[in-house]
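Below: one structure, written as structure tokens.
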Amino acid sequence: MRAFVRVLIPLVGVLAALAWAAAALLNGTARAWYEKDVSLRAHLVVAGAREALVTHLSGGDRKRVGALLAEIARDDRIMAASVCGRGMRTLARTGVGPSAYECDGLRERFGDPGEGGRLELDRVEDAEGGLVHLTVQPLLDDGGEVLAHVALVHDLSFVARREAALRRYTAGAFAIVAILASILTVFVRRLSWRTWNEELRRLLTLGWAAPGASARSPRKEFQPLLSDVRQLVSDLAAEQGLGAGGRWSAERLHRTLTETLHGEGIVTLANREPYIHDRAPDGSLRVLHPASGLVTALEPVMRACSGVWVAHGSGTADRAAVDAHDRVRVPPGEESYAIRRVWLTPEEERGYYYGFANEGLWPLCHVAHTRPVFRAQDWREYQRVNRRFADAVCEEVDGPDPIVLVQDYHFALAPRMIRERLPRATIISFWHVPWPNAERFGICPWANELLDGLLGSSVVGFHTQLHCNNFTDGVDRYLEARLDRERQSVVLGGRESLVRAYPISIDWPNRWAGEAPPAAECRRQVLAELGLPPDAKLGVGVDRLDYTKGIEERLIAVERLLERFPHLRGRFTFVQLSAPSRTLIDRYRELSERVDAIAARVNARFAEGAWRPIALMRAHHEPPAIFRYLRAADVCYVSSLHDGMNLVAKEFVAARDDERGVLVLSRFTGAARELTEALLVNPYDVEEASAALATALAMPPDEQAARMRAMRAFVADFNVYRWAGRMLVDAARLRQRDRLSTRLNLGLHSVHEVKP
């Protein structure tokens with residue numbers, strides 16, 4: 001050890017000095033390159049547009065000049081662009097750049113070049129901690145006269161980030177070299193000393209011998225060295241959050257929140273609460289988990305990030321569980337975040353939730369052939385309730401620029417209402433259901449108001465790119481806004497909103513799958529509960545009782561399966577777990593009656609003794625019970641007629657750590673774009689669906705394992721933490737850009753104020 005220290009300390013000292021000198025040299029050289037590169041780009045941009053600008057300026061066409069300037073400013077690094085005429089008066093400028101670099105500001109800072117005079121600038125400025133590059137170039141006509149000046153402002157904040165990264169990488173590389181060189185030096189020294197001793201001992205005892213006279217076993221001096229290198233690489237990867245192939249986890253999401261958004265707590269707004277307090281038959285207080293894909297996805301994110309979940313208090317004992325401020329800490333026993341409950345009157349719930357949201361927006365967004373109903377009274381309740389929830393969110397935030405996640409179609413107006421009270425907030429809205437095309441969306445009498453409300457968000461998220469395209473098409477048709485389809489953004493009222501696709505998922509490792517018994521034990525329990533023999537074939541479906549889920553089509557496909565494949569009669573049972581939903585709406589009551597009628601007809605046709613082909617379980621089921629059925633099933637059929645994603649499909653994949661079972665999946669779900677190893681079907685095509693069920697029940701175990709292994713790998717990598725992390729990172733970038741523009745405006749405004 002002493003020999004190792006004697007070698008290591010001086011060597012590390014020398015290499016550290018070299019690292020410092022090299023980093024300083026590299027940073028200085030890199031900064032000069034970056035500044036020169038930005039200057040060259042600015043001159044090339046102006047040179048490329050010079051001819052067109054001169055032509056339009058000479059013709060007095062300021063509209064064309066503005067269009068050319070907007071095209072130039074599409075570059076992400078160009079923060080502002082202006083065309084200044086005689087007397088440095090503004091002829092055109094970009095719509096969202098910092099006002100401090102407009103023509104009037106340049107005239108105040110650098111003076112008026114006068115008639116025919118030239119102002120040429122190429123400089124780097126520090127605006128409140130953020131570097132910018134200012135270029136001012138004259139535009140000359142064919143006679144060499146100055147027509148105007150073009151001013152470009154480039155964001156150089158990337159230079160500081162790259163310099164910091166270069167310093168880290170240089171220090172890390174030299175540290176690794178120092179450690180490896182020290183280890184290698186010590187081992188070489190020990191090896192040389194040991195070899196000299198052995199040779200001396202041999203000479204003293206045996207005398208000289210011919211080379212190779214005595215065989216020696218190969219040494220393994222370098223195995224510890226390689227182990228240390230692997231450990232170093234692993235440690236560096238862990239520090240960068242790249243462990244396990246870059247997989248997102250709750251810890252990595254929390255670290256991302258801390259690093260990119262300074263660890264601020266998240267305020268989530270959703271109609272559905274993640275935990276419901278109810279009264280048990282004996283009068284005690286019990287906690288239930290609602291049947292909701294939104295809750296399934298979002299609850300693990302809140303547990304990882306902490307904060308407040310603002311929701312409608314709908315449980316029969318919710319009021320008994322909250323404190324004086326209508327808050328309760330959850331989950332029970334962990335208490336990692338809080339629920340803020342908002343209470344609604346029966347009239348508000350009927351108009352806002354059952355009326356406008358679920359008789360209007362829900363069928364409007366889903367292609368399930370149910371006519372949307374829009375009533376003026378429902379719209380007024382929707383506005384009023386959105387305002388109440390937006391006020392509750394504003395009461396729960398800490399500071400003027402919080403992070404707010406607004407969830408789903410219940411709160412399309414809330415982002416704009418929150419923005420009015422908190423203009424610096426980072427608001428991420430996620431639409432969990434499909435977004436209709438522009439023509440269909442125009443059915444809604446208040447389409448403009450809904451779009452304007454959502455565009456109060458910093459980021460508007462959807463499951464698929466198709467839904468993003470439909471949204472921007474709707475904005476293009478119904479609002480006066482500027483669209484940037486390349487950047488996927490909308491600028492309304494001078495504020496930019498990003499429109500992005502973020503396919504939602506579930507947590508991984510999945511909490512409920514991890515707590516469930518082994519698959520074999522689950523199968524034994526479920527078959528015993530259903531009174532089925534051990535060799536029975538079991539299918540399962542898990543849904544709220546909703547007309548978009550294709551439950552009628554699913555049961556008809558089971559009926560056709562038994563017609564086409566008689567050998568499955570008496571052997572195959574399909575269990576449908578259906579939680580009652582929205583029972584105050586006529587369409588849902590009619591659906592319930594039709595599902596009962598189909599199940600009764602199929603059971604009457606094919607029943608044999610005690611066996612029934614369909615087991616309809618109409619009740620709320622807690623996640624542990626659902627996962628027992630998913631782990632026990634031979635096939636899971638997801639037959640949605642139209643679905644944004646459908647997380648039941650991903651839950652089935654997460655449940656099957658035994659790599660058995662087959663997923664039959666509607667191609668009209670968002671999940672079908674990701675889980676391509678499932679058997680994809682058209683649920684309206686009864687022949688195709690029944691054939692897919694038969695194929696699933698006959699699939700060999702090795703093919704089941706191959707398909708399930710691929711889907712599990714996908715869900716593991718593209719989990720809900722990745723979904724949330726991508727949204728937070730995009731929001732952080734937008735927030736940083738807004739703050740930089742604000743600093744530039746404030747910094748240059750201060751310069752103007754103190755100028756004599």
Side-chain angles (χ1 to χ4, degrees), residues 28 30-62 64-94 97-128 130-159 740-741 744-745 747-752 754-756:
R31 172 169 288 200
W33 286 348
Y34 292 144
E35 293 176 1
K36 184 176 180 181
D37 178 62
V38 170
S39 176
L40 180 60
R41 288 181 62 193
H43 283 81
L44 288 175
V45 167
V46 175
R50 185 185 304 277
E51 183 176 350
L53 286 171
V54 169
T55 300
H56 298 318
L57 285 170
S58 300
D61 192 345
R62 295 178 63 176
R64 293 284 184 87
V65 173
L68 279 172
L69 204 63
E71 186 68 24
I72 292 173
R74 291 180 66 181
D75 190 321
D76 288 344
R77 291 182 184 169
I78 295 180
M79 300 178 58
S82 303
V83 175
C84 309
R86 290 183 174 84
M88 294 301 286
R89 300 299 180 187
T90 302
L91 297 180
R93 59 179 291 269
T94 53
S99 59
Y101 283 101
E102 293 180 8
C103 299
D104 293 341
L106 295 174
R107 184 180 64 252
E108 291 180 14
R109 297 173 62 199
F110 305 109
D112 182 358
E115 185 71 23
R118 300 188 184 186
L119 177 61
E120 296 189 46
L121 296 173
D122 200 358
R123 54 192 291 169
V124 175
E125 297 183 351
D126 190 353
E128 292 294 321
L131 289 177
V132 297
H133 184 277
L134 171 64
T135 303
V136 178
Q137 301 177 50
L139 286 177
L140 306 179
D141 60 15
D142 294 338
E145 295 294 328
V146 176
L147 283 178
H149 289 81
V150 178
L152 298 180
V153 182
H154 279 78
D155 178 10
L156 290 185
S157 60
F158 73 95
V159 174
L740 178 60
S741 295
L744 284 169
N745 288 329
L748 291 174
H749 180 69
S750 300
V751 171
H752 295 160
V754 301
K755 184 177 179 180

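Remark: Leu57 CG to Arg62 CZ distance equals 9.5 Å, nearest 0.5 Å. Here the CZ-OG distance, from Arg89 to Ser82, works out to 14.0 Å after rounding to the nearest 0.5 Å. Rounding to the nearest 0.5 angstrom, the gap separating the OG1 atom in Thr55 from the CG atom in Asp61 is 10.5 Å. Taken from SG in Cys84 to CG in Leu139, the straight-line distance is 10.0 Å, to the nearest 0.5 Å. Taken to the nearest 0.5 Å, the CZ atom of Arg118 stands 9.0 Å off from the CD atom of Glu145. From Met88, atom CE reaches atom CG of Leu91 across 10.0 Å, with rounding to the nearest 0.5 Å.
Across every non-hydrogen atom of His149 and Pro113, the tightest pair is CE1-CG, 4.0 Å. Between Leu69 and Ala81, the closest heavy-atom pair is CD2-O, 3.4 Å. When every heavy atom of Leu106 is checked against every heavy atom of Ala151, the shortest pair comes out as CD1-CB, 3.5 Å. Residue Gly87 comes nearest to Asp112 through the heavy atom pair CA-OD2, 3.5 Å, listed as atom of the first residue, atom of the second, then distance.
In this structure, Val83 and Leu68 have side chains that are not in contact, with every pair of non-hydrogen atoms separated by 4.5 Å or more. Side-chain contact between Leu140 and Val146: present, with at least one pair of heavy atoms (C-beta onward) separated by less than 4.5 Å. Between Val132 and Leu134 the shortest side-chain heavy-atom distance does not fall below 4.5 Å. Side-chain contact between Leu147 and Ser58 is present, with heavy atoms from C-beta onward closer than 4.5 Å.
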Working note: Leu152 + Ile72, criterion side chain to side chain contact (heavy atoms under 4.5 Å, CB included); need CA distance, chi angles, decisive distance, verdict. CA-CA 9 Å; Leu152 298 180; Ile72 292 173; 4.1 Å; yes
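Evaluation of the salt bridge (charged side-chain N to carboxylate O under 4.0 Å, His left out) rule for Arg123 yields Glu125 as partners, not counting sequence neighbours. The side-chain contact (heavy atoms from CB on, under 4.5 Å) check on Asp122 picks up Ser39, His43, His133, Thr135, with sequence neighbours excluded. For Arg86, the side chain to side chain donor-acceptor pair (under 3.5 Å) criterion is met by Glu115, not counting sequence neighbours.
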